[in-house]
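Below, chain A is the first sequence line, B the second, and so on; all start at residue 1.
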Amino acid sequence: MAEPSTVADPSTMDRGARAIEIRGARYVYPTGNVVALGGVDLNVDHGEIIGIIGQNGSGKTTLTKLFNGLLKPTEGTVVINGVNTAERSVQQMAAHVGYVFQNPNHQLFARTVDDELQFGPRNIGVPEDEIRARVDEAIEFFGLHDVKEEHPYRVSFPIRKLVGIASIYTMRPPILIFDEPSTGQDHNTTKIINDLMRRLRDEGTTVVCVSHDMPLLADVVERVVVMKATEIIADASPREVFADKALMARTNLQAPQSTEIALQTVVGLGGPVALTPQELADDLVGRLSGSAPASSTRKR
Amino acid sequence: MPDPIIRFENVTFSYAGTDEPALHDISLEIMPGEYVAILGLNGAGKTTLGLCVNGVVPTMLAGDLEGSVTVGGLDVADYPVREMAKLVGMVFDNPEFQMSQMSAEEEVALGLENAGTPYEDMKRIIPETLKLVGLEGFESRSPLGLSGGQQQRLAIAAVLAMHPKVLIMDEPTSNLDPIGKQEVFDMAAKLNRENGMTVIVIEHEVEVMARYADRVIVLDHGRIIMNGTPQEIFGRAEELATLGLRVPEAAAIAAILSARGLWKGPVPITTEPAVEAITELLGAKNG
Amino acid sequence: MSMQAALPVALIPGNSIIHRINPITKIVWVVGYIVLAFATQNIIILGVMAVFAFMLAPIAGITRPLLKGMLILVPIGSSLIALQIIAPAVEKPWTPAWELGGFVIYTDGLYYGLVLLGRIVASLIIALVMVMTTHPSDLFTSLAKLKMPYILNFMSSMTLQLIPVFQREFGIIMSAQKSRGMKGSGFAAVLPSFVPVFVGAIERVQQLAISLESRGFGSDGHKTSYRQVRARPLDWIIGVLGFVVLIGLSVISILKGLWNISALITFPGPFVAGLFFVCAAVFVGFLVLIAVFSFKK
Ligand SMILES: Nc1ncnc2c1ncn2[C@@H]1O[C@H](COP(=O)(O)OP(=O)(O)O)[C@@H](O)[C@H]1O
Ligand SMILES: Nc1ncnc2c1ncn2[C@@H]1O[C@H](COP(=O)(O)OP(=O)(O)O)[C@@H](O)[C@H]1O
Ligand SMILES: [Mg+2]
Ligand SMILES: [Mg+2]
């Protein structure tokens, strides 16, 4: 695997104190005066990986579009990497923030998959040999070998979605936003997305991931922001959020099955609020074979 | 025993211009009133299988079809899709692309108008169906101005209003939040139970399938690899893993414990039996 | 949130007497208007038609949107009149009104130019009034009653609906490309966006065809309609009246050889010359405005 690039490497960029700093952001869609965000505050540190969950229409997509300046807040401020988005164009924000749209059809247009992956880095002035290296590496990572000479619209929808993600990843933005990356994906492609998140974490990229895919979040995310009706109503670790039954019910959400089982069994006995089957199973193995104390498997 | 409502006999199908068959020697019978879930990786042939049931394959999407598909005794290759529509309702995975009318109620009316349903009946059925999918009050909203989740429900309503004998839903909940998802499957389950509607669901989320389906069919590269009750299928975690598929987390926990010789009883596939079994195990250990 | 609002011409909801007139009655009027407009070269008739149609606007409460819709007449009208003045569409010999070097302005074309403009203005206003006061579904339900082929009908209603969808998709795609750092503006920058919009359109149409057929669309046999459109006696009276007057005038006009009254009207040369420069200036000004506006976007 190639080394992370130096061009958009977060460490060489002039960074603000935080990756994302939002103060009192309100957003009202001009069509029909729909209030989509009602005064939101949010801080995300460099290198953090956060998930955003919430029921349909709660404002998740609107919030994330503030991060790269696609939408400018009606009130309040949005400061990304120390840059106030109100003062920059979307194009200028592109080197700071990568945005993966929910619908890949909205972002692909090149003649081949390979060209598609080159488009973003070329726009932000990455040297040609570096572009080639990144594209080749992404084709490998996302398993796009068979389709790299295909038209992006000739490949199946789930693969197209991976192409959409890859086309942003080759830009190596220090902040990366995903809007529901795993909807419509099967277990295999979800796993690729999962691996990507882990890799981004190792590379120190700040990641914001809007998703309903609880296992995906449970696996990689350190912090979950819960939205309901235009507001952020909770902001805590996945463990705390998923353990809060009232919160889950109130927001139309559901914890991973392992968490639900753990809550009804081992948690009462001092066991962990397990997020994955493995974690719960490990605890149970400890208890049933009567050796290790149950709580030793707790991660955080 | 009644006759199967859907019967695939040695069906092999290749889309025009492709070499690899999308479906490979499929033989399958589905009984009236069954709730069947279809599982498989992207490209496994799930959508194609569904399209065979309402005859879009081979009448609208051309290709080379061997064998026969009969629904309610009719060979689908002999009837146009619009005729099969009286029997089979299909909800596709992209709701926005299924909307064609100026308002939600007209969207639901479209199928009824085509079937020649009298106005008086429509006046009753349309609000009833919109209510069933939780879209009361949205009657005159433009379908294209609805959220993804609402559009998905409307697409379902548009098909349900026609009271088909068979309902096929192809990844119908990809845009819905978890509870919205659950509501759609609950609704299908209710129609299945109360009206005896045969339901076929194509879905990736195995936890959901385990809860609702009578039968799970696993497709891989166009072939039926497994076909059985959720209990049977999800007990085979390792086999599914080699196909790139997973089992419900409840079953996964049992599988890990069972590999250590710590799990004896049946494999739970939903939350409640898992909780019961684990409680019992822990109780036995301590007591 | 109304998606139709994105359309320049769309239903302006209301409950005025004009709104409540049966769509078929309105169709009769629109068709009658168009027939008469092309059956006559009498600018007095055309003028009266345009004024009458425009007077319906305040009754229906659609004056402002109507004026907005009529903006399109500015470039069409000014270029049409200017052209007719320098190159009349009537047989020579032409009467010069004013001359500068080799550049000649004639009076002959102006009458015909006004006829053309009158036809367009009268037909456009009445059509706009109809569209702005009739729910599209009612319109199409009525057309179906008139035995307009279902498919044709359906396609036109679909097209009407897809315009705002494409506008929206186009906006989304533009922003996606910007967020990948795409630079530049103007046509070259917009070009790549056409590919996804176009491909999306094809996919959408294919999927829609399958979805519609799966709901029995296109099947033979008896069809019913959910939208009920009633015809009251008043609708009949207005419809018949319109038909008699408009078609009657058309017949008379045709019998009179299109009723061309240009012989009765003479335009003074300086007036024609002045008009030419005004029209030309308006047209050029319009083009400049468009250019500036699209550049700013
Ligand atoms: N382009 C738009 N115009 C008007 N309203 C919108 C638009 N996009 C979203 N909305 C509205 O804003 C609210 C929040 O939407 P969104 O941010 O997309 O929610 P989520 O991503 O959580 O599902 C919803 O009520 C939605 O209907
Ligand atoms: N319209 C089509 N034309 C040609 N090939 C197709 C078409 N639709 C699907 N296929 C191919 O058929 C195979 C099965 O696809 P599909 O039934 O859509 O699978 P699934 O729904 O399980 O993802 C895939 O290899 C796919 O590329
Ligand atoms: Mg969203
Ligand atoms: Mg499919």
Enquirer: Please give me the minimum heavy-atom distance between A213(B) and A37(B), naming the atom from each residue.
Expert: CB-CB, 3.8 Å

Enquirer: Taking side chain as everything from C-beta outward and backbone as N, CA, C, O, which of these in V81(B) sits under 4.5 Å from a heavy atom of chain C? Side chain, backbone, both or neither.
Expert: both

Enquirer: Below 4.5 Å from any heavy atom of chain C, which atoms of I126(B) appear? Answer side chain, backbone, both or neither.
Expert: side chain

Enquirer: At a heavy-atom distance under 4.5 Å, which candidate from M99(B), Q101(B), E83(B) has the highest pair count against chain C?
Expert: Q101(B)

Enquirer: Ignoring hydrogens and geometry beyond distance, is a side-chain donor-acceptor pair present between T133(C) and K26(C) at under 3.5 Å?
Expert: yes

Enquirer: Verify the neighbour count for atom OH of Y79(B): are there more than 12 heavy atoms of other residues, nucleotides or ligands below 6.0 Å?
Expert: no

Enquirer: Taking all non-hydrogen atoms of both residues into account, name the closest pair between H204(B) and L39(B) and its distance.
Expert: O-CD1, 4.3 Å

Enquirer: For the residue pair P23(C) and V229(C), what are the closest heavy atoms and their distance?
Expert: CD-CG1, 3.5 Å

Enquirer: Is A158(B) in contact with chain C via its backbone, its side chain, both, or neither, using a 4.5 Å heavy-atom distance?
Expert: both

Enquirer: I'd like to check the side chain to side chain contact (heavy atoms under 4.5 Å, CB included) partners of S140(B); sequence neighbours left out, ordered by chain and number.
Expert: none

Enquirer: Enumerate by number any residue of residues 117-125 of chain B whose heavy atoms lie under 4.5 Å from heavy atoms of chain C; in the absence of such residues, state 'none'.
Expert: T117(B), P118(B), Y119(B), M122(B), K123(B)

Enquirer: Checking F52(C) now: which residues fulfil ring-ring contact (aromatic ring centres under 6.0 Å, His included) with it, not counting sequence neighbours?
Expert: W29(C)

Enquirer: What pair of heavy atoms forms the shortest contact from I156(B) to V133(B), and how long is it?
Expert: CG2-CG1, 4.4 Å

Enquirer: Minimum heavy-atom separation for Y15(B) and T18(B), please, with both atom names.
Expert: O-OG1, 2.6 Å

Enquirer: May I ask you to list the residues in residues 204-214 of chain C that approach chain B closer than 4.5 angstrom, counting heavy atoms only, ordered by number?
Expert: R204(C), Q207(C), L208(C), A209(C), I210(C), S211(C), L212(C), E213(C), S214(C)

Enquirer: Within the 3.5 Å criterion, strictly below it, is a donor on D170(B) or T47(B) matched to an acceptor on the partner's side chain?
Expert: yes

Enquirer: Check K46(B) against I202(B) and note the closest heavy-atom contact, atom names and distance.
Expert: O-CD1, 3.4 Å

Enquirer: Which bit of V91(B) is near chain C, if near means a heavy-atom gap under 4.5 Å: side chain, backbone, both or neither?
Expert: neither

Enquirer: Between E29(B) and R7(B), is there a side-chain N and carboxylate O pair less than 4.0 Å apart?
Expert: yes

